[in-house]
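Supplied in structure tokens, the structure appears directly below.
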Amino acid sequence: MPDASTARAFHVPEKPTVDGLEGTWAERWDAESTYRFDRSTSRAEVYSIDTPPPTVSGELHIGHVFSYTQGDVVARFWRMRGKNVFYPMGWDDNGLPTERRVENYFGVRCDPALPYDAGFTPPEKPSKDKVSISRRNFVELCHRLTAVDEEAFKHLWRYLGVSVDWTLEYTTISPEAQAISQRGFLNMLERNDVYSSVAPTLWDIDFRTAVSQAELEDRERPGTYHRVAFTRSDGAGTIDIETTRPEMLPSCVALVAHPEDERYRDLFGSTVVTPLFKVEVPVLAHELADPEKGSGIAMICTFGDTTDVTWWRELQLPTRALIGRDGRYLPADFSGSEFPSLEPDSANELYGRIEGGTVNQARATIVDALRDSGELIGDTRDIVHPVKFYEKGERPLEIVTSRQWFVKTLEHRDELLARGEELHWFPDYMKHRYRSWVEGLNLDWNISRQRFFGVPFPVWYPVDDAGEIEFDHPLLPSLDQLPIDPSSHVPAGYEESQRNQPGGFSGDPDVMDTWATSSLSPEIAGHWGSELFDLVYPMDLRLQAHEIIRTWLFSTVVRSHLEFHDVPFRNVLISGWVLDPNRKKMSKSVGNVVTPMPLLEQHGADALRYWATSGRPGTDTAIDEGQMKIGRRLSIKILNASKFVLGRLDGTELLDPSDVTNPLDQDLLSLLGLLVTDTTKSFEHYDYARVLERTESFFWSFCDNYVELVKTRAYGEGEETDTRSARATLQIALSVLQRLFAPTLPFVSEEVWRWWHDGSVHQASWPSLEELGTLSERPGSVYQPVCDALEAVRREKSTAKVSQRAAVARLIVAAPEEIATALRAGANDLRSAGNVTELIIEDANELRIEVVLETV
RNA sequence: GGGCGCUUAGCUCAGUUGGUUAGAGCAGCUGAUUUACACUCAGCAGGUCGGGGGUUCGAGUCCCUCAGCGCCCACCA
């Protein structure tokens with residue numbers, strides 16, 4: 001036998017069941033280290049896998065089960081194929097979602113200004129009024145809750161049978177992950193791949209943090225066009241613009257129209273005066289101005305939207321930013337140089353009414369004032385238009401000027417596109433998503449977040465004698481000091497007492513975006529800096545869902561390209577979404593999110609895996625309990641068929657292909673050979689769904705036709721060589737089928753395998769053609785005609801509404817020579833399976849089958 | 001506006017490089033029944049392959065076009 005384990009006396013239970021297999025085998029696999037990665041290996045022997053560290057912020061959902069199962073099936077195939085599979089598991093336990101969960105779970109809020117309270121205990125029941133606690137207390141609660149969540153996640157994973165090596169478990173907030181993340185950052189800083197600057201930044205006013213382009217989403221929102229009159233400085237009348245954001249008027253720095261626009265061409269270079277605030281601004285030309293939109297001329301404000309940022313940058317306009325980090329209006333003086341109003345008193349009076357207010361309040365005030373001044377032209381017009389939101393946010397993003405760290409992506413666009421082409425995508429068309437994302441980049445990647453539970457930037461800054469922070473001369477730790485927290489560690493040459501003092505130092509207050517850390521998942525999982533890393537990097541496989549191509553996949557490619565001038569992984573397996581039974585996307589707000597544990601307990605892990613494996617790569621798939629039931633039924637069939645076949649076999653006797661002498665048996669193995677070739681090829685192309693489909697289909701035919709045909713022969717009736725041939729075929733076929741099912745249905749496959757083997761099926765070798773002996777040139781040429789004849793017999797009995805065991809007095813088959821020969825070879829089996837008394841096979845040109853039932 | 005995918009039986013989906021009469025499961029219907037398995041077995045019925053055009057001896061499959069659904073990207077004032 002080619003199997004890794006040895007056969008021995010069979011132990012088949014009286015009443016096999018699929019219930020409880022998950023607990024039993026998860027424990028055994030742990031105890032036997034079935035999935036342990038062997039470090040004494042070479043890169044060529046390794047198959048390494050990079051899976052997403054799920055966000056630890058509550059419960060895993062069914063989408064995780066779906067995606068990870070697809071990856072696990074592939075992992076199990078390569079393991080059986082002889083690869084040394086490196087399959088770690090990580091948890092992404094820092095970042096906003098985790099903070100959000102901790103705030104709600106304990107009823108707390110982080111206030112970095114507060115001192116640490118060593119005796120703090122969170123309220124027994126979280127109330128709506130959140131308790132403010134120090135950063136250190138907050139981080140402690142984060143660690144406490146994520147530890148609990150991670151145990152629950154791990155339990156689910158083992159129950160599902162994900163074949164990770166749990167000794168390789170990692171978390172993104174662990175000291176090692178932080179050290180790697182900080183090392184990656186310092187390397188980028190040294191290479192000048194990352195920079196900090198004060199710049200307009202996409203800002204969520206509720207979370208009070210910057211967000212990156214990748215975290216944007218458009219949502220349709222109602223808006224209103226207001227037509228507003230600007231006065232020409234030359235006194236030649238007014239120019240109307242249309243805007244949905246009249247509240248940005250005090251931030252206006254210019255008007256802009258298309259360079260070719262006849263209507264405004266003569267105005268370029270001239271100036272106009274803004275309504276209400278009476279600030280003189282230039283009229284400029286830029287190609288992004290759309291003559292079709294509104295009146296064809298737009299106002300540029302700092303900053304109403306991302307186009308404003310582009311115009312501001314490219315036209316080198318002044319900054320008149322007025323919206324603060326809390327979304328409220330900052331103080332401004334219209335008599336100064338920053339806001340040079342021609343009528344400062346009235347401008348300041350009006351501004352005084354909106355200062356400190358929200359955007360909505362300001363809009364109402366300004367629209368009223370425009371109406372009063374006569375500068376609002378005509379009626380307003382309600383529209384619905386896309387507005388940019390943080391994907392987890394509730395209010396529209398503002399653009400706020402702040403200091404942030406950016407990774408240079410724009411200047412590497414072409415190289416990043418080329419890296420995308422280097423990857424092997426499954427399905428292939430998913431590469432378009434990567435490409436269109438990279439082509440559409442318009443901002444460098446902002447990796448700093450003004451939050452608390454994350455990897456800190458390993459940077460301090462000197463504070464000059466005047467108390468100003470010198471951002472341009474950061475103080476850096478050495479690599480062997482990592483990880484560090486600049487808010488509690490002190491840079492070399494300074495004392496803690498000098499923190500935030502003139503002549504002292506100040507720590508960078510921000511933390512890294514969660515993607516900035518998870519973009520290093522291959523480095524973290526592979527322990528960058530150790531010998532292990534060279535064995536596993538670049539990874540062989542990245543598994544993930546399509547929705548995070550622009551975030552996780554993109555950012556991982558960026559980091560790998562900048563650090564190693566290579567791709568981070570060779571193959572990308574993209575999974576689809578799980579849709580609810582009505583084919584709608586699941587979301588918390590709709591309330592149609594399904595948690596997997598109840599389904600797992602009801603149907604069993606193999607059944608859920610069966611459903612998940614039926615979803616092809618990249619394809620969105622609806623939850624379908626019907627599919628799970630079919631998976632469960634298949635598992636039970638595998639138990640029963642294995643029990644039956646092993647019951648036909650003689651205890652310990654191991655047979656091999658040389659015992660297979662009967663033409664029907666040889667043909668069955670030839671067909672099995674086709675299946676082995678097909679499934680192997682499919683797996684090599686990550687088509688796990690096809691493997692299951694083909695194997696399942698073969699298996700049912702094997703049970704219903706082949707086993708029925710050779711039942712009596714295998715019992716020992718008739719010639720001894722024929723009995724031996726049937727038993728050898730049953731044994732070989734069963735062994736192959738159990739192994740073909742093993743990646744998809746690991747629990748039931750392991751159960752039946754262990755009835756007759758000592759080792760695990762998951763360490764057995766993937767079936768090969770060699771173990772099937774000499775294969776026919778024309779597979780199916782014997783088996784198929786015999787099955788057809790058997791089917792004719794069954795049809796006759798079914799039509800006559802008699803038992804399938806009813807006797808057939810005479811079965812007459814007239815057939816062309818080849819078929820007749822096949823039937824003669826299978827005549828004994830056909831007779832016994834059909835309970836046929838007299839079988840007559842004649843040569844004829846046309847196939848003709850006559851079934852004469854025995855009259856009672 | 002640009003791009004990608006999907007459209008095959010009531011439902012969920014297979015259909016390899018174009019090749020006999022288009023397949024499976026579920027649901028439906030008709031039966032069988034001390035059986036390895038009722039979480040069973042056998043059988044039946046159900047489709048002008050989204051519409052139109054083209055290439056070809058031959059198209060579910062290739063090309064063009066239209067429509068519907070879903071998604072991705074976009075500088076939406």
Side-chain angles (χ1 to χ4, degrees), chain A residues 12 15-18 218 220 223 225-226 241-245 248 255-257 286-290 293-301 304-311 314 383-388 427-442 546-547 549-550 576-577 579 583-585 603-604 607 611 614-616 618-622 624 626-627 629-648 678 681-682 689-690 693-694 696-697 700 703-704 707-708 711 790-791 793-806:
Chain A
V12 183
K15 275 273 165 199
T17 171
V18 293
D218 287 346
E220 293 287 331
Y225 267 119
H226 302 75
I241 63 102
E242 286 205 286
T243 179
T244 55
R245 297 205 67 184
M248 299 306 298
L255 297 189
V256 66
H286 195 280
E287 287 172 359
L288 288 185
D290 183 352
K293 220 159 262 166
S295 57
I297 186 162
M299 70 170 177
I300 304 173
C301 303
D305 62 28
T306 50
T307 320
D308 281 342
V309 177
T310 306
W311 280 326
E314 295 187 6
I383 54 159
V384 173
H385 65 156
V387 177
K388 290 198 190 309
D428 186 63
Y429 62 79
M430 282 294 172
K431 68 184 179 194
H432 297 298
R433 296 211 184 181
Y434 175 88
R435 195 181 57 215
S436 58
W437 169 251
V438 176
E439 283 174 347
L441 285 174
N442 54 30
H546 52 61
E547 62 188 322
I549 288 175
R550 72 176 186 175
W577 269 330
L579 307 173
R583 300 202 66 80
K584 292 277 172 281
K585 191 188 168 187
H603 300 286
W611 160 74
S614 69
R616 299 188 122 71
T619 306
D620 297 345
T621 304
D624 186 349
Q627 279 293 106
K629 286 180 182 151
I630 296 164
R632 185 178 173 88
R633 208 183 61 163
L634 173 61
S635 302
I636 293 168
K637 190 76 176 179
I638 292 170
L639 285 179
N640 285 312
S642 298
K643 175 187 164 203
F644 180 72
V645 168
L646 292 177
R648 290 309 100 158
D678 185 78
K681 199 174 130 201
S682 297
R690 181 183 170 96
E693 187 184 60
R694 298 299 151 120
E696 182 184 15
S697 162
W700 283 103
C703 290
D704 296 339
V707 172
E708 290 298 327
K711 233 175 193 175
L790 182 58
E791 194 189 321
V793 170
R794 286 168 168 169
R795 189 182 301 117
E796 191 61 30
K797 291 177 181 177
S798 213
T799 308
K801 301 191 177 178
V802 300
S803 164
Q804 289 296 327
R805 313 196 120 205

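The model shown is predicted, which means the values in this text are computed figures rather than measured ones. Quick note on labels: first sequence line is chain A, next is B, and so on, each numbered from 1.
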Next item on the list: Would you please name every residue forming a salt bridge (charged side-chain N to carboxylate O under 4.0 Å, His left out) with A:Arg632, sequence neighbours left out?
Entry: A:Asp19

Notebook entry, point to check: Counting distance only, does the side-chain N/O of A:Thr621 pair as donor-acceptor with the main-chain N or O of A:Thr619 below 3.5 Å?
Noted result: yes

Notebook entry, point to check: What is the distance, rounded to the nearest whole Å, between atom CD of A:Glu220 and atom C1' of B:C76?
Noted result: 9 Å

Could you go over nucleotides 41-47 of chain B and give all protein N or O partners under 3.5 Å, atom names and distances?
unit_1 : atom_1 : unit_2   : atom_2 : d
B:C41  : OP1    : A:Lys637 : NZ     : 2.8
B:A42  : OP1    : A:Asp704 : OD2    : 3.4
B:A42  : O2'    : A:Arg794 : O      : 3.4
B:A42  : O2'    : A:Gln804 : NE2    : 2.8
B:A42  : N3     : A:Ser798 : OG     : 3.0
B:G43  : O4'    : A:Ser798 : OG     : 3.3
B:C44  : OP1    : A:Arg795 : NE     : 3.2

Check: If you look at every strand shown and take non-hydrogen atoms under 4.0 Å, does A:Ser803 touch a base, only sugar-phosphate, or nothing?
Finding: sugar-phosphate

Check: Given atom NE2 of A:His546 and atom P of B:C72, what is their separation to the nearest angstrom?
Finding: 8 Å

Next item on the list: Give the rounded distance in Å between these two atoms: CG of A:Asp308 and C1' of B:A77.
Entry: 7 Å

Item checked: Separation between the P atoms of B:G47 and B:G1, rounded to whole Å -> 40 Å

Next item on the list: Remember a base hit wins even if backbone is also touched, and classify A:Ala806 as base, sugar-phosphate or nothing at under 4.0 Å, heavy atoms.
Entry: nothing

Next item on the list: In whole angstrom, give me the gap between the C1' atoms of B:C64 and B:U56.
Entry: 16 Å

Note to self: Give me each pair satisfying salt bridge (Lys or Arg N to Asp or Glu O under 4.0 Å) with a member in residues 633-645 of chain A, each pair once, sequence neighbours excluded.
What the structure shows: none

Next item on the list: Could you check A:Lys584 against A:Lys388 and say which one's nearest nucleotide on RNA chain B is further toward the 5' end?
Entry: A:Lys584

Item checked: Pairwise P distance for B:U55 and B:C71, with rounding to whole Å -> 38 Å

Dump the pairs, protein N or O against N or O of nucleotides 1-10 of chain B, anything under 3.5 Å, distances to one decimal.
none

Margin query: Heavy atoms only, 4.0 Å cut-off, all strands: where does A:Cys703 land among base, sugar-phosphate and nothing?
Written below: base

Next item on the list: Please state the C1' separation for the pair B:G58 and B:G25 - nearest whole angstrom.
Entry: 31 Å

Note to self: In this structure, which stretches of RNA chain B are paired as stems of three or more consecutive Watson-Crick or G-U pairs, both distances less than 3.5 Å?
What the structure shows: B:1-7 with B:67-73, B:10-13 with B:23-26, B:28-32 with B:40-44, B:50-54 with B:62-66

Check: Got a sec: does the CD of A:Glu439 have more than 12 other heavy atoms crowding it under 6.0 Å?
Finding: yes

Note to self: Can you check the distance between B:G18 and B:C62, where both ends of the measurement are the P atom (answer in whole Å)?
What the structure shows: 8 Å

Checklist line | Separation of the C1' atoms in B:A9 and B:C44, to the nearest angstrom | finding: 15 Å

Next item on the list: Say whether, by atom type as modelled, one donor and one acceptor occur between the side chain of A:Ser642 and the main chain of A:Ile638 under 3.5 angstrom.
Entry: yes

Notebook entry, point to check: A:Leu579 has an atom CG; how far is it from atom C1' of B:C71, in whole Å?
Noted result: 11 Å

Margin query: Taking only the C1' atom of each, what is the distance from B:U61 to B:C6 in whole angstrom?
Written below: 16 Å

Item checked: Shortest non-hydrogen contact between A:Gly304 and A:Asp308, atoms and distance -> N-OD2, 2.8 Å

Check: With no hydrogens and no angle check, is any side-chain donor or acceptor of A:Arg690 less than 3.5 Å from a backbone partner on A:Ser682?
Finding: no

Item checked: Span that lies between the C1' atom of B:G68 and that of B:G50, in whole angstrom -> 8 Å

Contact list (N/O, under 3.5 angstrom) for nucleotides 11-15 of chain B vs protein:
unit_1 : atom_1 : unit_2   : atom_2 : d
B:A14  : O2'    : A:Glu693 : OE1    : 2.7
B:A14  : O2'    : A:Glu693 : OE2    : 3.1

Next item on the list: Name the residue closer to the 5' end of RNA chain B, choosing between A:Val802 and A:Lys681 according to the nucleotide with the nearest heavy atom.
Entry: A:Lys681

